[in-house]
Q: 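Below you'll find the structure I mean.
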Amino acid sequence: MSYPFAEIEPKWQARWDEKKAFRADPGDRGKYYLLEMFPYPSGRIHMGHVRNYTIADVLARFRRSQGHRVLHPMGFDAFGQPAENAAIKNKTDPSAWTQGCIRQMRSELERMGFSYDWEREVVTCEPDYYRWNQWIFLQMLKKGLAYRAGAKVNWCPNCQTTLANEEVVEEACWRCATPVELKELTQWYLKITAYCQELLDDLKQLSRWPSRVITMQENWIGRSEGVEIGFTVKGSGQRLPVFTTRPDTIFGATYVVVAPEHPILKEIRTAADVKKEGMATGAQAINPVNGEAIPIWTADYVLMEYGTGAIMAVPAHDQRDFLFAREHNLPVRVVIRPPKGGPDPSQWTEAYEGEGTQVNSAQFNGLSSAEGKKKIAAWMEEKKFGKRTVRWRLRDWLISRQRYWGTPIPVVHCQACGVVPVPEDELPVTLPAKAPLTGEGGSPLAKVKAFVGASCPRCGKLSRRETDTMATFFDSSWYFLRFCSPKEAKLPFDPKEAAYWMPVDQYIGGIEHAILHLLYSRFFTKFLRDEGLLALDEPFTRLLTQGMVLKGGEVMSKSKGNVVDPDGVIQRYGADALRLFILFAAPPEDQLEWNTQAIEGISRFLNRVWDLAESSSPGGPKDRRGDLEIASPPAGTRNDISLRRAAHAAIKRVTEDLESFKFNTAISALMELKNAIEKSPRSPDAREAVETLVRLLAPFAPHMAEELWERLGHKELLVSNPWPAHEASLLVEKEVTLVIQVNGKVRSRVTVPAGQDKETLKAKVLADPAVQKWLDGKPARDLIVVPDRLVNVVV
RNA sequence: GCCGAGGUGGCGAAACCGGCAGACGCGCAGGUCUCAAAAACCUGUGGGGGAAACCCCAUGAGAGUUCGAUUCUCUCCCUCGGCACCA
C-alpha cells in the first residue's frame, strides 16, 4: 500500500497557504530572485512546465531554508493569438477563454506544491498590466525608438498578421508553419538596433548563461566590420556604394552585383523584368581605387536588406562569386596568393577564401592579406574612396499585429495632426470587451466603431484610433520588473523595489526562448535604464535552460498522441513522486525520456522513506519488513558512528549538489542515506539519520517531508526550518583503504591509518603478497602516492 | 557550410583537480511469503575465461602525453540543437 499522498498533499498546500509561507519576506542572507518563464495559459500544464517549475521550486525552497529572502513569483502571459483562435472555435470570447485557462492552470500548479507568492501574480491581459505596455511604448515613441515605417514585411496568410523577423523560422510562420509572404505595409517598429553594440558587448557580462545561448545571440545580432566603398555608375556618375568585409580583395573585383530590388536598376535599365537568378544590366561601374570600369549585374543572391544591397564581386576569393562567374563567363582575378598553389585561376576549382599574400594589388603587393586588409582600408579612407563601417544582421523589431487579443497601440491618427500619442493620463486605452472575431484578416478593432472613433488629443477633431495591437513579446519583455511591485500604480514598477530585487538571480526556462524573449528583455532593460528607472545593464544574472521532456524519443505533442498528463500522474503517484522522478531521470539541461517504470521506482523509494520515518516516530507502526524497531532502540553503545557519518555525508553532498543544480545526484544521495538507515535499523543514531533524511528531502518532496516532520513530533513548519549543516569532523576518516596499483593496474588494497607517510607506506605496500607476485623479483623503480587514496608501484 | 553540445552496461545515468569505470535507479535473474499470482521484501547483475584464487577485455574509432586517461592533446566517424546566399 502506498503512503496516503492524496490526503497529505492538499493538507500541506492549504497549510502553507494559510501561513503565507512563501511570501517574499525578509531573511538574513540577502535577496534571491528566482524566476521561471511564465506560461502561456493554454489550458493545462504539460510536462515541460512541470520540469521547468519543479527545478525552480527545489531551488526556491532550498534558498529559503538557507535564510535567503526569496522572490519566487508566478503569472500568465495571457495575451496572444491562440486564445483568439480558440475563442473563435469555441464561440466564446478570448477574455473568458483565457480566464478559464488561468484558473485551471493555477490550480494545477498548486497541486504540484510549487511555492509561489501568489499575492504577486501578474496577468498581462489585465488593464493594470497592459496600461504599462502602453506607457513604455509612449516613452519609446518620445525617444524615437518607436516609429512607423512602410516596408516589405513578413506576413502569415494563415494567421492573417505580420510577423517579426525573429518569428520567421525557415521562411515560415513560427506558430503555424505556413510559408511567409512579403507584403508592403506601414507598421510599428521598435528600434532595437539602437542597442546593437551594447547588446553584443554586454553578453560578456553573462558568464553564467549557457554558452550556446550566448552564441545564438551573437549570431543573431551579427556584427561585421568592413568598408563601404564608393563605386559610381559609369556615365551618370551616380553613387553605387558596396559593402565588403574583405577590403584586401578590392583589386580583384571584376564585376558588381546589385539586389533585384535595388533602386538603381530603375535608373540604369529600361526593361522592367529582372531575371532573379542573374543577368547583366548593360551598365558599368567604376572601381574608385583603380578607375577600372566593370559590368553591373543583378542577382538574387544579393540581399537588399543587408549592407547596401550591392556588392563588389571578387570571384577568386568568394565562393558564391566564383560560382556565379563560372556560370556567366566573368573574369576571375587572383589578388591573394595562397601559401600553397599558384595564382593561375584557370586551374582553380573553387575560390580561395583564406589568408595569403597580396598580388595584383598595386602598391600593396607582397603584404600579407591580414596586413593588406588594414592598410588598404586605411588608404581608401584617406583617399575618400570609402569608409570603414560596421553592419549588423539584427533588424528593428516589428511589433504591430492585426489581431484583437493584445495591447492596443496608444496612438490616434488625425487628418490634420498626423500620428498623435494618447496622453499618459488617459491610459490605458482599454481593449473593448467585444469585437467581431472572424480570423479572416484585418484588425478586428477596426470594426468596433466606438473604439475607432476618437477625438484627436491635439486638435480635438474626430480621428481614427490605431487598431493594431502589440506583439505579445512586448508584454513578456518586462514582466520580471512588474513582479518586484505588482500593485504599483504610478509607474510600470517601483524603481526602489526593482533596485532591491533586480537583477533576477536565477532565470529558468526553455531553450526555445534563447533569442526572441531574452534579446527583447535585454533591450527593454537597457532602455528602462536609460530612462532612469533601473540601474542595471542586464536583467538575468544566471540562466538555466532545461531540456525537453520526450516520450518514445519524441517531444510530447497532441498530434503525436504521446502526451502524458501531469494531473493523471499526480492522481496515481502523488505530486512528490512526479517532482522526484522528473529531477532524478536526467540532469536538468539534458533531454528527459518519460519512463513509467522509473516513476514506480521513485514511488517505491518514497514508500520506504515513509515506513522508516513512521517506524521511528512515537507510537508509529512497524516497518513493512517487520524487523525495525527504531522508536525504541536497544541500549546500544555509540561505538559505531557509521550511520551518523552517512547522514552528515548526505547533508554535505545534497547541499553541494543543490548549489550546482545536480538534482539527480542529490536524489541518489538521499537514496543512499535511506539504504544506510535500512541497514542499521537498531543504531542509536537512526532517529537523527531519519530526521536528516526528512529535512534533506524537503525541497524535493515537500508534502511528505512536512507530514513526516510533524509525525516525528515537530510543531513548526519544515519550510521555515533552517537547512541542516554537516559536521566536518564526522567526515574525517581515521582509516582509509588505499588502492595499490602496479604499473597503473589495480592489484591489491590495503587499509591503513589516514595520512600515513610515504616511507611507511612503501614498506607496507612492497610487502604485500600481491605486489610481490607482480614485481616478480624486479625492483620497484618508483612509488607514486596519492594521499589517502592510491599507491602506484612503477616497475 | 559555419557555430554549439554530446557519444560510458539491456535502459536513464555516476565518476571531485588525471587516480578503484559503471554510484543511484529502472529492467532482468534467482529466492522468501502465497494454494497460486500480484504486491512487498532479500540476493545477484558490464563482457569473456576459470572449480576457485584470480586473470583478460571494455567509456564512438585511431594515435599521442603520463607511473596512471571516461577526464588532457591531435586526427577521424556518428548523433542532437542553432544559424545559413549576411558580402
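Per chain, numbering begins at 1; letters A, B, ... match sequence-line order. This is a predicted model, so every value here is computed, not measured.
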Q: If you take all heavy atoms of A:Y306 and A:W392, which pair is closest and at what distance?
A: CE1-O, 3.6 Å
Q: If I take atom CG in residue A:L790 and atom C1' in nucleotide B:C20, what distance separates them, rounded to the nearest angstrom?
A: 8 Å
Q: Pair A:E600, A:R604 - check salt bridge (charged side-chain N to carboxylate O under 4.0 Å, His left out), show working.
A: CA-CA 6 Å; A:E600 297 271 3; A:R604 198 144 52 218; 5.7 Å; no
Q: Do any side-chain nitrogens or oxygens of A:R653 fall under 4.0 Å of OP1 or OP2 in B:A14?
A: no
Q: Can you check the A:L550 CG to B:U79 P distance for me, whole Å?
A: 18 Å
Q: Is B:A51 paired to anything, Watson-Crick or G-U wobble with both distances less than 3.5 Å, and if yes, which nucleotide?
A: none
Q: Between A:M548 and A:G307, which has a closest nucleotide on RNA chain B that is more 5'?
A: A:M548
Q: Rounding to the closest angstrom, what is the interatomic distance between B:A69 and B:C74 at atom C1'?
A: 15 Å
Q: What's the closest nucleotide to the side chain of A:N664 if the choices are B:A13, B:C20, B:G27?
A: B:A13
Q: Just so I know, are the side chains of A:I296 and A:L240 near enough to count as touching, which here means a heavy-atom distance under 4.5 Å?
A: yes
Q: Does a side-chain heavy-atom distance below 4.5 Å link A:I602 with A:Y573?
A: no
Q: By the 4.0 Å heavy-atom rule, please label A:N675 as base, sugar-phosphate, or nothing.
A: sugar-phosphate
Q: For A:E678 and B:A40, give me the distance from atom CD to atom C1', rounded to whole Å.
A: 12 Å
Q: Please state whether the phosphate of B:C42, meaning OP1 or OP2, lies under 4.0 angstrom from any side-chain nitrogen or oxygen of A:K679.
A: no
Q: A:G601 near the nucleic acid: base, sugar-phosphate alone, or nothing, with a heavy-atom cut-off under 4.0 Å?
A: sugar-phosphate
Q: On the nucleotide B:A84, are OP1 or OP2 found under 4.0 Å from the side-chain N or O atoms that A:N219 carries?
A: no
Q: In sequence, state the C-alpha distance, the side-chain angles, and the governing distance for A:E678 and A:R608, and then conclude on salt bridge (charged side-chain N to carboxylate O under 4.0 Å, His left out).
A: CA-CA 9 Å; A:E678 284 181 341; A:R608 290 171 71 156; 2.7 Å; yes
Q: A:T215 side chain N/O closer than 4.0 Å to the phosphate oxygens (OP1, OP2) of B:C83?
A: no
Q: Nearest whole Å is fine: how far is B:C86 C1' from A:R223 CZ?
A: 15 Å
Q: Would you please indicate if the ring centroids of A:W397 and A:F473 are separated by under 6.0 Å?
A: no
Q: Below 3.5 Å is the cut-off: list the nitrogen or oxygen pairs between protein and nucleotides 66-69 of chain B, distance only.
A:
| unit_1 | atom_1 | unit_2 | atom_2 | d |
| --- | --- | --- | --- | --- |
| B:C67 | O2 | A:N792 | ND2 | 2.3 |

Q: Which heavy-atom pair separates A:L394 from A:C196 by the least distance, and what is that distance?
A: CD2-SG, 3.9 Å
Q: Just checking A:V302: base, sugar-phosphate only, or nothing, at a heavy-atom cut-off of under 4.0 Å?
A: base
Q: Whole angstroms only, please: what is the NZ-P distance between A:K674 and B:A23?
A: 15 Å
Q: Checking base pairs now: Watson-Crick or wobble, both atom distances under 3.5 Å. What partners B:G6?
A: B:C78
Q: Pairs under 3.5 angstrom, nitrogen or oxygen only, protein versus nucleotides 52-56 of chain B, please.
A:
| unit_1 | atom_1 | unit_2 | atom_2 | d |
| --- | --- | --- | --- | --- |
| B:C56 | OP1 | A:R747 | NH2 | 3.3 |
| B:C56 | OP2 | A:R747 | NH1 | 3.1 |

Q: Side-chain N or O of A:R320 less than 4.0 angstrom from OP1 or OP2 on B:C86?
A: yes
Q: Of the candidate nucleotides B:G19, B:C41, B:A5, which contains the atom at the shortest distance from the side chain of A:S211?
A: B:A5
Q: Expressed as a whole number of angstroms, how long is the span from A:Q591:CD to B:G81:C1'?
A: 9 Å
Q: For B:A40, take OP1 and OP2 only and decide whether either is under 4.0 Å from a side-chain N or O of A:R604.
A: yes
Q: Answer syn or anti for B:C72, where the cut-off is 90° from 0 on the glycosidic torsion.
A: anti
Q: Using only modelled atom types and a 3.5 angstrom limit, is any donor from either the side chain of A:R789 or the base of B:C16 paired with an acceptor on the other?
A: yes
Q: Counting only Watson-Crick or G-U wobble pairs whose two distances fall under 3.5 Å, which nucleotide matches B:U32?
A: B:A40
Q: Across all strands shown, which nucleotide pairs with B:G22 by Watson-Crick or G-U wobble geometry, both distances under 3.5 Å?
A: none
Q: Work out which heavy atom in A:P588 is nearest to a heavy atom in A:I55; give both atom names and the distance.
A: CB-CD1, 3.7 Å
Q: Heavy atom of residues 576-589 of chain A under 4.0 Å from RNA chain B: which residues?
A: A:F584, A:A585, A:P587
